[in-house]
Visitor: 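Questions regarding the structure given below will be posed in turn.
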Amino acid sequence: MNQTIRTDRTGRVTLPATVLTALGIGPDTEVTIEITAAGILIRPVSTLPPITRRIAAMDLPVANWEDMEREIERGRLE
C-alpha cells in the first residue's frame with residue numbers, strides 16, 4: 001500500500017482509514033513511532049501478558065516468536 005497525504009497547518013498527519021484498518025488501529029489505540037533509516041515506522045502497541053512483556057524487554061536478538069524458537073533449538077538462547 002502506497003499513499004501520499006499532506007500535513008495540516010500545524011504539521012499533523014492524519015492517516016487514511018484504509019491505513020488504520022490495515023494496521024489494526026482503531027479509536028484510542030496506543031501506537032509506537034520509530035524513526036528508521038528508511039522513514040517512520042508506526043505500529044500499534046500490542047497488549048501482551050506480563051510475562052511476554054518481560055521477555056520482550058530483554059531485547060533478545062530475535063524479531064518474533066518463530067525466530068526465538070529457532071534460536072532456542074540451535075542452542076543460542078536458553
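Just so it is clear, the structure is predicted and the values come from calculations on it, not from any experiment.
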Visitor: Would you say Thr32 and Ile42 make side-chain contact, with heavy atoms under 4.5 Å?
Guide: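 Thr32 vs Ile42: side chains apart.
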
Visitor: State whether the side chain of Thr21 and the backbone N or O of Thr18 hold a donor-acceptor pair below 3.5 Å, judged by distance alone.
Guide: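 Checking the backbone N and O of Thr18 against the side chain of Thr21, no donor-acceptor pair under 3.5 Å is found.
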
Visitor: Using the salt bridge (charged side-chain N to carboxylate O under 4.0 Å, His left out) rule, collect all pairs that involve residues 22-38, keeping only residues at least two apart or in two chains.
Guide: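 Residue pairs with at least one partner in residues 22-38: Glu34-Arg43.
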
Visitor: When rounded to the nearest 0.5 angstrom, what distance separates CG in Leu15 from CD1 in Ile25?
Guide: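 Atom-to-atom, Leu15:CG and Ile25:CD1 are 6.5 Å apart.
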
Visitor: Quick check: do Ile33 and Ile40 have side-chain heavy atoms less than 4.5 Å from each other?
Guide: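 Yes - at least one pair of side-chain heavy atoms lies under 4.5 Å apart.
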
Visitor: Between Thr14 and Ile5, is any pair of side-chain heavy atoms under 4.5 Å apart?
Guide: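 Sidechains of Ile5 and Thr14: no contact.
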
Visitor: I'd like to know whether Arg12 forms a side chain to side chain contact (heavy atoms under 4.5 Å, CB included) with Thr7, so could you lay out the CA-CA distance, the side-chain angles of the two residues, the decisive distance to 0.1 Å, and finally the verdict.
Guide: CA-CA 5 Å; Arg12 292 179 295 195; Thr7 59; over 6 Å; no

Visitor: Quick one: closest heavy-atom pair of Leu23 and Pro44, and the distance?
Guide: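 That closest heavy-atom pairing would be O-CG, 3.3 Å.
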
Visitor: Are Leu41 and Val13 connected into the same hydrophobic cluster when the rule is that any two of I, L, V, M, F, W, Y join if their side-chain heavy atoms are below 4.5 Å apart?
Guide: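 Val13 does not cluster with Leu41.
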
